[in-house]
Amino acid sequence: FLERQLWPSFDTKATPAHLITIALLINEKVRDGSVSAWDSIALRKEKFSGYFESMLELWNSGKLTLREKSHVLQFLINCFQSLEQEFVRE
């Protein structure tokens, strides 16, 4: 679902639900460890900086529930733990 629908259709005007769903799926792939969480993102890596900025804006918006904040925070932690990925470093 992430690879075929959510990530290809992402743009900077995505809804908070779209942003959080992408983060949840990345978090789950990182947690599972059996599949590289970043392979599907790397196929359209030019979108990642816009996505990351959108996630930071969402974090700062004050509109997230505590549960949503915990998912976004886990996504940010996963990003910082994946700095070996070139598009994450940028």
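Taking the six-membered ring where the residue is Trp, Phe52 and Phe75 present tilted rings, their angle falling between 30° and 60°.
The structure places CG of Leu56 at 7.0 Å from CG of Asn60, a figure rounded to the nearest 0.5 Å. Rounding to the nearest 0.5 Å places CZ of Phe48 at 4.5 Å from CH2 of Trp38. How far OG1 of Thr12 is from CD of Glu57: 8.5 Å, rounded to the nearest 0.5 Å. Once rounded to the nearest 0.5 Å, the distance linking CZ of Arg44 with CZ of Phe87 reads 13.0 Å. To the nearest 0.5 angstrom, Ser82 atom OG is 11.0 Å from Ile41 atom CD1. Between the CG atom in Leu76 and the NZ atom in Lys69 there is a gap of 13.0 Å [rounded to 0.5 Å].
One N or O on the side chain of Asn27 and one on the backbone of His71 form a donor-acceptor pair closer than 3.5 Å.
One hydrophobic cluster, built from ILVMFWY side chains closer than 4.5 Å, cannot hold both Ile22 and Leu43; they sit in different ones.
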- Message: Could you go through Ser70 and Glu68, starting from their C-alpha distance and side-chain angles, then the distance that decides it, and tell me whether this counts as side-chain contact (heavy atoms from CB on, under 4.5 Å)?
- Response: CA-CA 5 Å; Ser70 68; Glu68 290 168 335; over 6 Å; no
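Between Pro16 and Leu58, the shortest heavy-atom distance links the atoms CB-CD1, 3.8 Å. Considering every non-hydrogen atom in both Leu64 and Trp59, the closest pair reads CD1-CA, 4.0 Å. Residues Lys47 and Phe10 approach most closely at NZ-O, 3.1 Å, considering heavy atoms.
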